[in-house]
Structure formats: C-alpha cells, structure tokens
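Single-structure report; data block below.
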There are 2 protein chains.
Amino acid sequence: MTTIKDIAKAAGVSVTTVSRALNGYSDVNEKTREKIIAVSKQLNYSPNTLARSLVMKKSKTIGLLVSGMTKQSGKDNLLFEVLRGLNQFSAETGYDLVLFSTNSTKQREKTYSQLCRERRVDGAIIQGIKTDDPYLQEVVDSDIPCVLVDIPIESETVGYVTTDNVLGAKKAVNHLLELGHRNIAMVNGHEFAFVSQKRLEGYEQALQEANIPSRTEWVINGAFEEEQAEHQVYQLLKTHPDITAIYCASDLMAIGAMKAVKRLGLCIPNQISIIGYDDILLSSYMTPSLTTIAQNFYEMGFEAGKMLIEILEDKAKSHRKLLETRLIVRESTIKNHT
Amino acid sequence: MTTIKDIAKAAGVSVTTVSRALNGYSDVNEKTREKIIAVSKQLNYSPNTLARSLVMKKSKTIGLLVSGMTKQSGKDNLLFEVLRGLNQFSAETGYDLVLFSTNSTKQREKTYSQLCRERRVDGAIIQGIKTDDPYLQEVVDSDIPCVLVDIPIESETVGYVTTDNVLGAKKAVNHLLELGHRNIAMVNGHEFAFVSQKRLEGYEQALQEANIPSRTEWVINGAFEEEQAEHQVYQLLKTHPDITAIYCASDLMAIGAMKAVKRLGLCIPNQISIIGYDDILLSSYMTPSLTTIAQNFYEMGFEAGKMLIEILEDKAKSHRKLLETRLIVRESTIKNHT
DNA sequence: GTGAAAGCGCTAACAT
DNA sequence: ATGTTAGCGCTTTCAC
C-alpha cells in the first residue's frame, strides 16, 4: 500500500509537497503537481483517511443510530427510506455513513455516545428511538452534533426534522368528517412516541372544531403493531357498533384494523371507513387500498443529513425542519351511509 | 477529549502501561490496572479507534457496497433484509458497518475499490450488482477480501453466499406440475443477473423431467420490474390463451403478472395460477396472497458477514455458502381445471 | 511489571 | 514554491 512518502521519494520531492499537490493547494508549481499526480496514479495510490482523520480531527463520517432494526421494521419501509435519503445526501457531499445499531443478542453494553466517540463520527442521525430511551438523553447531553428524526429537541448542537403531525392528523380526521362521518375512533401508537401525542392532539382538535365531543373510550392503543391494532379494533367494534370510521396513527395499524373489520364480517369502506398514516408501501397494494396521510421519509433522511452538515459547519440557520404531509385518498374511505 | 496520555499522567504511569492495562494484557499489576481503569472512567475516556486502526492496520469495519439503492429497491425488502442480517452479525462481532453507494446524482467517479482502500475497510460485502457491472471485476481483482451476495465468484480472498436457484425454480415449477398444469409460462428477470440464468435452467429442467417440451415463446422478460412484467404478461396471455400457469422469477414481477391477469378479466387462481420467487413482504398481503419460493435474505446477510470475517481471519473452510429455499403455498395457485 | 522510544500515514505551522 | 519538523493517539518492540 503506497503512501505519500513513497510518492515523495519517487517524485523527488518532500512529503509536504505531495500532500499539498494532492490536496489542490495553490502554492505548488504546476509542473511538480502534474508529476506528483502522475506518480501517484502510477503507484496506484489511495490516501489513508484514517491517518488524515487522525490529524485533522474530523472523519467525514456520520453515524446513523437506529434502534430496533427488527423484522417488524421491515414492514414499514420507513427506516429504509430514511436511510436512502440520508445515503443520497451523504454521497453527494462525500460523507460516509456508518451504521450503529444496538440490535445485538449479547453484550455490547456500549452506549451510543461511546460508539460515536470511539469511531470519531463528526455527527449523528438518530432515528426510531423512543422518547423514554436512555440513549436519547445521553446523546443529547454529549456534545456530539446530531439531528433527530421525529423527536423535537433543540440545542446548540442538536436539531430535528419532523412533519406537522397535528396538522396531518387533522387532515385525516377532516377527510372523514367531510365524508359525513361523526363516530370516528382512533387507534394510536404508544405513549413513548412523540408523534403519537401529536396525532392524538390533531384528532381531538379536528373533532372539537366540528363540535363533536371526543369520547376517550374510542381512542385505543395499537402500539404501532399490526396484530395489536387488530386485536384492539376487534374488541372496540364489538362493543361500539355505532362507529363508522377509524383513524389510525400508522398504516400498519390500519392494516391490522382492516383485518379486524373483515373478521367481524363488515365491509370496508361501505360499513367502516379506515384511514391510516405514513403511506407505507403496503398501503397501495392492499385490497381495498388504504387512504392515508403520506409522509416523505426519504426526504426526512435527506433533510436530516443536510441539517447535520449545516450544524457541523456552523451555518445552520434553523435547527428545526418541518416537512409536509399530504392526504392520499384511496379506496378504504367512503361517504357515511348510516 | 481525553487520551491515554492524560490517563497516564493522572495515574502516574506510562502510556504503555495504560495501553496494556486497558487492552487486558496479563503482564500488568492488578493494582495498577484497577487504578488505570478507575482514572479512565473518571476522565470519561473513549479510545480513538482511528489512531488504533492506523497503527494496527485494521479498522474493524466492513463496507457494504450496494448498487442502485433506488425507490424500486424499497419494494422488495431484499436489500433491507440483507442489511439487517449483516448488521446483526457485525454487531455481535464488534465490527462496524459502513455503507457505500454509488447512488449519486453527480460526479463521484471514485470506484468501489478506491472507496474501500481509502476508508481502510477490512473487507466488503457486495450486493445487488449486475454481472456485467465494471465494479464487480474491479473489486474482485483488487485484493480486498469480499463476499458477494448471489454472484458465484471464488478466489483466495473472495467468497459468495447464494441459494440453489436451480432447485428453487424446480420447486416452483414442480408445484405447478403437481397441480396438473402443463402450459406453464415463465417471466424471467434480465440476463445480467446470475440468478435469472439459474432460475430459467431450473424451469427447463423441471419441464424436461416431466416430459413437457419447453416453448421459448412462453419465456418472457420482465426485467425484475413490476410494470414491465405486467406489460409482457398482458401481451403473452392475449396471444397464448392456453397458458394456465405462470412462474415468475421474482415476486414483484408476479405482482405485475397478477395485475395483467386481472386486467384481462381472468381470475386468479381459478383460470390462471401464479407463483413468484423471493417471498417479499408484499406477497402475503396481496389478494389473493402469492404462492412463492422463499429466500431468507436476512440469513444471507448474516452468513455473508460471517464468511467475510472467516476469510479475514484466514479460517474459512469454504468460500461458498448455499442456503435453502422453501415453497410457500398461498392462494395464487390451484389445481388446473382445464 | 513498567517505561522509553519508534512509528502508523498524514497535515500544518514555520522556516527557507 | 518547497522542505523541515512536530505531532494527531495509539500499539509495540526492546530495555530495564
């Protein structure tokens, strides 16, 4: 493996000159630069980023911290899309992406911030973490620049990107209201997700604005899981047959809800309308296809990367980025006929 | 950021002793070790892996080279599953994962092997590359240890993990044969995928063993894309209405095929049986759900990581790993009634 | 059992 | 425009 030392020797110059030539500094004679470049090509030189990072004290890498990279997380393409967006951005800017995951069967009691510091990542993107996760506080407390996906924390070195979940939820519920539904249930995620709180808030606001009293017994918890949602919805509809529409805080739960409704022998959308949230891949392939509130996860990943670099380079105007959601009407919602 | 030097000073020992103590060498007094550990905790020390890697000449990182991390690749959860498996393995063994993707809108004419050498990854996993991709040859030629997913190349430093695609294809076709189908069409991927060749081979073998002449005009090309498959199947069935079953080299194409069949006003499975390959997430959610040959991509990722480490540590018995496939019968295939 | 010193490959003052 | 030198934080002979 050739080093700049080898090149220096072969080109008859000092290592400094080689370094400067290769890094495009202006204070080097064009002739010598050409020669150095020629030699380095000939010797098939690749710079050692480890050495460079060591002395420069920055590694041009960003860490992606994901928690719970489980089978489950493959169902929504959420994490993957965020990764794709982030990857796209980092490729454009020359940053490399290193993946950190505590998804280990055994020990690895190393904390996220330790991981980040050891690997000397310049910054981190954090995704899929719960609000009560100890790692969250830890990372935020450390001085590692980072941006969070869907968790609103701001500081000198911390930013976040999310969508307006209250508004998104209102769009969903308003859609149902416009279709004439009045008895609208909600399947929420779990309390440790920031987005759940907001999506509930939007639900309540929308009902209130329509002068419909919200009934707490109609808001159930699906833990963001398909099976859990199916189970809960089944019970709910059995005891409350007057419900005509269900708003779910995630598409996966909406799919669970669809199963429950079918299991009860009811027809979607004629007897029960269902609307989801996320617009995951599955949604458009379901029968009936699922009406939902779309989020652009790819963009979230991309914007998260962008903000992180801005923070790193101290030119972030804002540490907060709100992306748009949009209503996608498909087959699972229809006018209320009751 | 504290270094071993700081610890040495604080503990009143030399850096050598600190290094040895922290790395668990035996030739260090237990008392001093305890003290050193205490001090390093107190100073919130994190080792600098960059420096360590530089001197040790190994980075404990493996690179994941993916090509075409597109919107499309989100449809099958294939890449994600491989990533998950690989991540699981590397987490268990303390290796970190860095993601390389040429998925860049602009320049980045840097080659994979350059990327690998610059970042000093110890080895690489290559996934989703076509057989005619110039990168492929390049990586194989370089001396970087690597393991390929679904491309059978072996050398001193190169291994691969795949499934028995001929056998898998035969399982699929035999299933249709057992259901009494005789007029079985095939939708293949593209010629630059090694697996396509094998899956075609299996198709032909199965037919031959059943004494059914294979008809080349019944083998069409779907380029592994849903829309392409839909289009091709639509044309095929129009001109060959005697076909009763279609075997597709991927689930995504099978889904395209399903759309085409429905568009022709035919019923699945009563008039046309369809079988796919892969068992992607969508398959079980389709209506009707899709019969398919399942591959375990998670396991492929895991095994690829495992083999890579074995190659790195010079204790690989074999540079080839064949995983099992299995037939999953769902609703899209049924006895032939014609 | 512990320390001094060299060196991994690179960049960056500071000369010249 | 180029070279000398120091040093990034760590591991590793080789002495003692």
Task: Comparing B:V13 and B:R120 on DNA chain C - which has the more 5′ nearest nucleotide - done: B:V13

- [ ] Calculate the interatomic distance between B:D27 atom CG and D:dT13 atom C1'; express it in whole Å.
- [x] 13 Å

Task: Protein-nucleotide distance (B:N23, atom CG; D:dT11, atom P), rounded to Å - done: 5 Å

Task: Residue A:R52, side-chain atoms from C-beta onward, closest of D:dC10, C:dA12, C:dC10 - done: C:dC10

TODO: Select base, sugar-phosphate, or nothing to describe what A:N29 touches, counting heavy atoms under 4.0 Å on all strands.
DONE: sugar-phosphate

Task: Distance test, side-chain N/O of A:S14 to OP1/OP2 of D:dG3, below 4.0 Å - done: yes

- [ ] Give the rounded distance in Å between these two atoms: NZ of B:K58 and C1' of C:dC8.
- [x] 15 Å

Open item on the list: So which atom in A:L50 and which in B:R120 form the shortest heavy-atom distance, rounded to 0.1 Å?
Closed with: CD2-CB, 3.8 Å

TODO: Using the closest heavy atom to pick a nucleotide of DNA chain D for each, name whichever of B:Y25 or A:V55 lands nearer the 5' end.
DONE: A:V55

- [ ] Taking all non-hydrogen atoms of both residues into account, name the closest pair between A:L136 and A:K130 and its distance.
- [x] CD2-O, 4.0 Å

Open item on the list: How many whole angstroms separate atom CG of A:L50 from atom P of C:dT11?
Closed with: 13 Å

Task: N or O in side chain of B:N48 less than 4.0 angstrom from D:dC8 OP1/OP2 - done: no

Task: A:H190 and A:F192 aromatic ring geometry - parallel, tilted or perpendicular at 30°/60° bounds - done: tilted

- [ ] Would you mind telling me which of D:dG9, C:dG9, C:dC8 lies closest to the side-chain atoms of A:K57?
- [x] D:dG9

Task: Out of C:dG3, C:dT11, D:dG9, whichever nucleotide has its closest atom nearest the side chain of A:M56 - done: C:dT11

TODO: Quickly work out the A:K5 NZ to D:dT4 P distance and round it to whole Å.
DONE: 13 Å

Task: Presence of B:S19 side-chain N/O under 4.0 Å of D:dT11 phosphate oxygens OP1/OP2 - done: yes

- [ ] State whether the number of non-hydrogen atoms from other residues, nucleotides or ligands found under 6.0 Å of A:E324 atom CD is greater than 12.
- [x] no

TODO: State which residue, out of B:I7, B:I4, B:N29, fulfils the side chain to side chain contact (heavy atoms under 4.5 Å, CB included) condition with B:I36.
DONE: B:I7

TODO: May I ask you to verify whether the side chain of B:R20 and the base of C:dG3 hold a donor-acceptor pair under 3.5 Å?
DONE: yes

TODO: Could you check A:M1 against B:E30 and say which one's nearest nucleotide on DNA chain C is further toward the 5' end?
DONE: B:E30

Task: Residue among A:R320, A:K321, A:K315, A:K317 satisfying salt bridge (charged side-chain N to carboxylate O under 4.0 Å, His left out) with A:E310 - done: A:K317

Task: Minimum-distance nucleotide (side-chain atoms of B:A51 versus D:dG9, D:dT2, D:dT11) - done: D:dG9

Open item on the list: Determine whether a donor-acceptor pair (one donor, one acceptor, N or O, separation below 3.5 Å) exists between the side chain of A:T16 and the base of C:dA12.
Closed with: yes

TODO: Specify the separation, in whole Å, of atom NZ of B:K31 and atom C1' of C:dT2.
DONE: 17 Å

Task: A:I4 CD1 - C:dC10 C1' separation (whole Å) - done: 5 Å

TODO: Calculate the interatomic distance between A:L22 atom CG and C:dG9 atom C1'; express it in whole Å.
DONE: 13 Å

Open item on the list: Side-chain N or O of A:T32 versus OP1/OP2 of D:dA1: is the shortest distance under 4.0 Å?
Closed with: no

